[in-house]
Amino acid sequence: MRTMFGRLTTALGNLWPSTRKLPLRLPSTLRPKWASIDDGKNSDRDLRRNFNVFSLILFVLSCSVLGGWAFTTYHEVRREVRHQLKSALDDAAVPVGLFFADHEAVLREIEWGSLVNEQSAEPLASESLTQILGHWRQAAMLEADGQVSENWAAIPLPGENELQSLFAEAAEERRTVLSSPFNIDGTWFATLVRQARYGDSSKFVAASFPIRSLLEWWSGLVLPAGTKLTLMTQDGRVWVERPQPEASDENTLNVEMLFGLVGDAERTSGSKVFKDDKGGLKPEVLAWRALDHFGQILLATLSSDDISAIWRQRFLTTWIFAAAASLAFQLATLLIGRSVVREARHREAMLQAVSDSEDRLRDIANAASDWFWEMGPNLSFTYVSDRVREATGMDPSSFIGHRVFEVLDPRVDPAAAQAHQDDLERQAGFRDFTYQIDLTDGHVRWIKLSGKPRFGMNGAFLGYRGTGTDITVERMVAERAAAAQARLTRAIESSSDGVTLFDSSERLILCNRRFRELFFPGMEKLVQPGASFTDIAMLHAKAGRNLEAAKHPRSWVAKQARLRAKNEAHEIRLDGDRWIHAEHFRTPEGDTISLYSDITPFKRREKELMLLAAENTRLAAAVNGTEAGVIISDPRQPGDPTIFVNPAFTRLTGYEPGDVLGKNCWFLQGPETDPATLETLESGLKSHNPVRVDIMNYRKDASVFWSRLVVNPVFDDDGTVLYHVGVHTDISEQKRVESELVETKEHAEVANRAKSDFLAVMSHELRTPLNAVIGFSEFLTMEMLGPLGHARYKSYADDIKSSGLHLLDLINDILDLSKAEADKIELHEEPLDLGATAEHCLAMVRSRADHAKVTLINELPARLPSLLADERRVKQILLNLLSNAVKFTPAEGSVRVFVENTRGKIKLVVEDTGIGIAAADIPKILEPFGQVDSTVSREHEGTGLGLPLSKRLAELHDATFAVESVSGQGTSVSVTFPSHRILRKKAA
């Protein structure tokens, strides 16, 4: 029918030029019989009736030809679509089968324990298995309750009910089962499960994969518009669909009914054309392919509406043109009989219109950027329009007889080039495939080809016909735009400031990593393009990093929105005393660009500067208000000139600031200034070290004064000296007092030496007669030469002896105290048993204590560390303390001796319950000859030398002597020996 229509249109085209050459009246020999004119028999009515009948017959014939041609082309399109669907389904089914087979092979490897350690024959750990499997990082071993086994990473899994169903089916069927697709965070996954047979059979092996990894196999398929690919189970349940990759339980196609309409040989794969009235099947063209895994069937469907749309897109324009041509031909035929003359008149006009139409079409084709080409069945070029010369610079004849890959270079991905070559081999259409042409001048041009296969009436492949477009400029612009976009993205990402871009509706377009780090640490993935500014600000407020925002989230968010609307710069304070400076800019398109800078260091510096300014203010006030003279010089300038003096300096020296500023700081020294002191001062200034000297200076009026000068250098952060700050303190009065004190001290030392010499001489002179008195009194008491006569003589002799012994002790104490003050006592140090020494001293005073009815209590521990000390002097200390305690303790009182070990020291304490001493009198009793009761009729006798001598002897042992007493409650005297005098026993 199509060939017939073509021939008819060719004949009509050939007829019209011949008609244009007819004269105004046709000769009778050229007229048809029905068009002959017989003036006597036929009238004008008959002639018109004959022409009307002829026109009606021609109309019916034209409608039949057009209807048959439309019917034939529609079925041709349907057969072509069916063939294209079947070919695409074969291409899509093989990768899907391999995809599932590859996953199942991995499960089988894990199930049978083939992935084991060669040394221990145990299954590999999760880390080792991940290294071996490479991209199978979604595999795991599951417990019977669905939990991931130990040492295995978590993987996406379906719901608990479906997972248990998969376990039951895998255990019962002893095979791998496939779950339905499930959605996690917007991503569709599927899971394969198989019961483990190595080790614990109660475990299961699972592998999850994203559905998109399966659908990527279909992305390169060339399918008619409206085609739907569906992966179904044998029970008719939809598993996944394209172009809507969503899982659904809706049974869109009765698979059993489908297989009931085909033979057993076509159950594996095939294609069929169905009509709407057969079994309620809506698709008109259906292709299927059964898969070897999990009983799945891959279907491709195209509805009759989509096929009609393809037919309309391809043939409707031609059909309308043919119908219009047929109608025009009928009208021309009808009118040619009525008015040959009118036709002749318009002949020239019609010729001109045809010529203009041809010129118009030729001009449009030449002005178009596309060029046209045709290929034969062997995929060699048979025709290329002249436009290719301008587009590529190549001669059209260089294409003729060559295959496309022989002339053009497919500089694309090898897989895409192979897919394109496969499309050509299997005679499928293609669109916008890009080639590169390397011109002889070294330039490169890019062209884009689109082709459509041509088939004959018998379905034979006739070749391709299509267009080519030069896209060099567009590609260069796209590459430059991509490069500019990449540079912009890198610049934004490398910025140290946070950057955001919101559109006019306050939706996030982009933000850099720094923005997420500043406001959303640990939550970076929650901030995604498309989110509104209010949601992002509220998320930050609820994160808790901003104290102000956390207290009042809504008001804080509203405040930020107002500041953005006004393009007002502001500051945001985060926790940890961090500060962010925010600036907003509005673009002409209505977008908002915001910059967020971390100004924490500047804030800290500002705070430090404010504190420094306040400190400087206080320091200036202190310097101006101090009584000491302050002078500051600059050592960085030649001569170390003076740059500042305070008012006190003027009062001290008489020099006004104008007199000294710019002068060398040595102007205060004079001829009597000590040269050694000046040398010390100069050395310190040159080495930039602190220096302190007492120096004689001269005032402006030439008077002399003594100054205590302290000079300190001031350095910057790099260690460079900035200033020398000198502080002058007037010590003239102090120097005068010191001079007097030195003179007084010298006199005192002379007197002290005279006293010591006197006491040494007197002690010797007094001891000789005292020894004689004591000796003869003992001689009389013992009645060596016979009775004395009266009994009272013996009593008088005892009194003489005791008085002599008391006087001898007094002289010894005075002599020891003098030696102690003159540092002439030598200690004979040796290891001392403090407990035995104390017990010996207690025994010596026990008779006196018993006579006074005072109880002695020894609380010294049995084991005390040895003490490095002079035993005689320690006994002297204890005897003095015990004698004083017994003397000043009333009857029925007690004296206690004990030891405290304080931080490695030994504290020996003598404590009594005696009359006590007032706190104000304690310093008095520690002075030589000091007595609290100094009256002649005092109750207790004594010289007041015991405690001062004991204190001095304790200090010679590096010990601390302390007296604590409360009047009427008793006295506690302690001697604390330092740790270096305690001898520790060495370990055996």
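Along the sequence shown, residues are numbered consecutively beginning with 1. FYI, side chains are in, hydrogens and waters are out, and symmetry mates aren't considered; it's all heavy atoms of this structure.
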[X]-[Y] side chain donor-acceptor pair, cut-off 3.5 Å:
| X | Y | value |
| --- | --- | --- |
| D470 | T472 | yes |
| D503 | S505 | yes |
| E506 | S532 | no |
| D497 | S495 | no |
| S594 | H584 | yes |

Nearest heavy-atom pair of [X] and [Y]: which atoms, and what distance?
| X | Y | value |
| --- | --- | --- |
| Q195 | A171 | OE1-CA, 3.4 Å |
| A206 | V193 | CB-CG2, 4.3 Å |
| G146 | L157 | O-CD1, 4.0 Å |
| F502 | A531 | CE2-O, 4.1 Å |

Does the side chain of [X] reach to within under 4.5 Å of the side chain of [Y], using non-hydrogen atoms?
| X | Y | value |
| --- | --- | --- |
| T227 | T301 | no |
| V527 | L508 | yes |
| L722 | R636 | yes |
| W446 | I471 | yes |
| L539 | F520 | yes |
| I572 | W556 | yes |
| P529 | L510 | no |

| message | Taking the cut-offs as 6.0 angstrom to the six-membered ring centre and 45 degrees off its axis, would you call R507 and F533 a cation-pi pair? | response |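 No cation-pi geometry.
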| said: Does the Lys NZ or Arg CZ of R514 fall within the cation-pi geometry relative to F519 - under 6.0 Å from the ring centre and within 45° of the axis? | reply: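 Cation-pi check for R514 and F519: fails.
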| For T500, which residues count as a side-chain hydrogen bond (donor to acceptor under 3.5 Å, both in side chains) partner, sequence neighbours excluded? |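 Partners of T500 by the side-chain hydrogen bond (donor to acceptor under 3.5 Å, both in side chains) criterion come out as none, since no residue qualifies.
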| request: Take the angle between the ring planes of H688 and H724 and call it parallel below 30°, perpendicular above 60°, tilted in between. | output: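 Tilted, since the angle between the ring planes falls between 30° and 60°.
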| query | Using 30° and 60° as the class limits, which term best fits the ring planes of F433 and H420: parallel, tilted or perpendicular? | reply |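 Plane angle under 30°, so parallel.
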| request: Check whether any side-chain N or O of N646 sits under 3.5 Å from a backbone N or O of G629 as a donor-acceptor pair, and report yes or no. | output: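 A pair under 3.5 Å: no.
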| query | Could you give the distance from CZ (F204) to OG1 (T191), rounded to the nearest 0.5 Å? | reply |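 F204 CZ to T191 OG1: 14.0 Å, rounded to 0.5 Å.
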For atom [atom1] of [X], decide whether the heavy atoms of other residues, nucleotides or ligands shown that lie under 6.0 angstrom number more than 12.
| X | atom1 | answer |
| --- | --- | --- |
| R586 | CZ | yes |
| R480 | CZ | no |
| F602 | CZ | no |

| said: If the threshold is 4.0 Å, N to carboxylate O, is there a salt bridge linking E568 and R562? | reply: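 No, no charged N to carboxylate O under 4.0 Å.
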| task | Answer yes or no: is there an ion pair linking R578 with D598, defined by an N-O contact shorter than 4.0 Å? | result |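 A salt bridge is present here (some side-chain N lies under 4.0 Å from a carboxylate O).
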